[in-house]
There are 2 protein chains.
Amino acid sequence: MEIQRLPRAARQLARLRIEPTPGENRLRVNCRACPVRNLPAFKKLSDDRIDFIQSMKSHHLQFDAGSWIIHAGQAAELYTLFSGWAFRFKTLPDGRRQILNFILPGDLLGLQASLFSDALYDVVALTDVELCVFPRNKLWSLFERMPDLAFDTTWLGAREESQVDDNLTTVGARSATERVAALIIGLYRRADLLGMVADKTLLFPLGQQHVADALGLSLVHTNKTINRLKRMGVFDLSHGLLTMQNFGVLKRIAQAFDIEIAPRPLI
Amino acid sequence: MEIQRLPRAARQLARLRIEPTPGENRLRVNCRACPVRNLPAFKKLSDDRIDFIQSMKSHHLQFDAGSWIIHAGQAAELYTLFSGWAFRFKTLPDGRRQILNFILPGDLLGLQASLFSDALYDVVALTDVELCVFPRNKLWSLFERMPDLAFDTTWLGAREESQVDDNLTTVGARSATERVAALIIGLYRRADLLGMVADKTLLFPLGQQHVADALGLSLVHTNKTINRLKRMGVFDLSHGLLTMQNFGVLKRIAQAFDIEIAPRPLI
DNA sequence: CGAAACGTTGATATCCTTCAACATGAGTGG
DNA sequence: CCACTCATGTTGAAGGATATCAACGTTTCG
């Protein structure tokens, strides 16, 4: 979804995205000045560590919205999502699919696939995305030469698992209304930490089918549930824009856990 | 659940457990001769690696069935499950709980909790269990001094995540019958690799409430679904014993993925 | 033998799905 | 700028899958 194809209202907010504008392209070759890394959400690293990461990075990749980034059953590299949104999912033999998690800037992608012989899930870009590519065959040298970065990598893997734990709890133990609330709360929190929220509003690139597939609900029931919550006035969602109207109530509806998020590593 | 409290039929099969009998207690201090490590499912390690693991191991712990091994919200050490079964779960504020995964011998336990400040889930012993304890403060030295073991640790974390991915797919995308089938298939496969299956039969310590909580189903509906599958003759399950009667059909019912399992590391 | 935990069963209620139709909005080409 | 088309979102009605309720059976252990 390029900016141009977003609805008008969304386009006006496009500046909220943390992507570099074209004029900032030089940032892409300098990890020290990486706009993602310099967000307050991320742990500060020493220059030599950052330089090592940069030396591991083979290139910068772009995908259009809707493209496959990782194919189930095929080998994949290790990526860090630099800008945009993506999602990770599995498809059953008969075609039903389950979205496992959404991926936001700074998230590591393909760690499982880099460690195993090939990926067990698909990853598709939800918006146009940019990725930093780390060839899987260099992962070992990171463990060998930079144990603290290896530690951070493991930490990021554990964080991903923790999010899937949450999603499983949502799908397995919450009602439809609670599921929608929990998804919105979770994504809003993550986006907020990345500075993607302004005026309690963020660009929300999921369609209702994505929400349905993430929550294990039918499209129709997802629609009715979202609209019920919108009518309750806890959030607004239309034209690709999500506005948080009552975080406290939404959190209570979701039966959400309190979480504290410490500055996290970025490989 | 001590052996003594198992139903008679289960007791007769108790020899299938890979726990050392009392006379084998000396094995507990010698990781090189560890009966878990020497199963064909596990990757062979060089002696110096095994010795390092042994030096990291602070002690051997036992818990009775039903005891809490890890408390959500509290710090936890890093464990390897040596014998028995356990399960990992989250509880919502109002008491509903979601079982995230079951833990079998050789599985790493508490990695998330060791990396974060404290655990985000509970772990409870399903049977009597024995654990190898690795103090979390020694984890860093493993990364620093044994990069290949650090790599293996990350691998084990990724494997755990991959199992939660599967469970989320089961709960989110499969019908009740498919869910039960998928759970049975998954646990049977894992137990089989550990040599816990003889004559297509294994000690199955989950009650129907555990199955229900793992699958996001009510207890009553879980019961009816299990019995429907039993009447179909694909498996038998009673008195704590699971017998696989038609793996192929069960796998088809579950819409299960094909998986290959390579020898895996054991920390 | 009694108690407690666990499993089983039928009846009823509800949440969610499916089906089908229609509405809206965004991109496209005239 | 309008008309067209496709993707996406919306709505009501009907059916099915699962939950809840309540009672009873069975196993295990004290």
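Please read these numbers as outputs of a predicted model, since none were measured by experiment. Quick note on labels: first sequence line is chain A, next is B, and so on, each numbered from 1.
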J.: Looking at B/Q98 and B/A214, would you say the former's side chain and the latter's main chain have a donor-acceptor pair under 3.5 Å?
T.: yes
J.: Grab the CG-P distance between B/L206 and C/dC6 for me, whole Å please.
T.: 13 Å
J.: Over how many whole Å does the gap from A/N227 atom CG to C/dA23 atom C1' extend?
T.: 13 Å
J.: Using a heavy-atom cut-off of 4.0 Å across all strands, would you classify A/L219 as base, sugar-phosphate, or nothing?
T.: nothing
J.: From CG of B/L237 over to P of C/dG7, roughly how many Å is that when rounded to an integer?
T.: 9 Å
J.: Report yes if the side chains of A/Y188 and A/K200 come closer than 4.5 Å at any heavy-atom pair, otherwise no.
T.: yes
J.: Which of these nucleotides, D/dT18, D/dT10, D/dT11, is closest to any side-chain atom of A/R231?
T.: D/dT11
J.: Can you see if the side chain of A/Q208 gets near the phosphate of D/dT10 - specifically, an N or O under 4.0 Å from OP1 or OP2?
T.: yes
J.: I'd like to know if B/K224 reaches the base of C/dG7 with its side chain such that a donor and an acceptor end up less than 3.5 angstrom apart.
T.: no
J.: Give a yes-or-no answer on whether the side chains of A/D213 and A/Q209 include a donor-acceptor pair shorter than 3.5 Å.
T.: yes
J.: How would you label the contact of A/S238 with the nucleic acid (heavy atoms, under 4.0 Å): base, sugar-phosphate, or nothing?
T.: nothing
J.: Strictly distance-based, threshold 3.5 Å: is any side-chain N or O of A/R96 a donor or acceptor partner for the main-chain N or O of B/R174?
T.: no
J.: Could you please name the option among D/dT20, D/dG12, D/dG9 that lies closest to any side-chain atom of B/V220?
T.: D/dT20
J.: Within this structure, what is the CD-to-C1' distance between A/E178 and C/dC15, rounded to whole angstrom?
T.: 13 Å
J.: Would you mind reading off the distance between A/L229 atom CG and D/dT10 atom P, rounded to a whole angstrom?
T.: 13 Å
J.: Tell me: CG of A/N223 to C1' of C/dA21, nearest whole Å?
T.: 14 Å
J.: Starting at atom CD1 of A/I226, determine the distance to atom P of D/dT11, rounded to an integer number of angstrom.
T.: 12 Å
J.: Without decimals, in angstroms, what is the distance between A/H221 NE2 and D/dG15 C1'?
T.: 14 Å
J.: Cut-off 3.5 Å, side chains only: do A/T177 and A/T225 have a donor facing an acceptor?
T.: no
J.: Between C/dA26, D/dA19, C/dG7, which nucleotide gets closest to the side-chain atoms of A/H239?
T.: C/dA26
J.: Respond yes when some side-chain nitrogen or oxygen of A/Q209 is under 4.0 Å from OP1 or OP2 of D/dG9, and no when none is.
T.: no
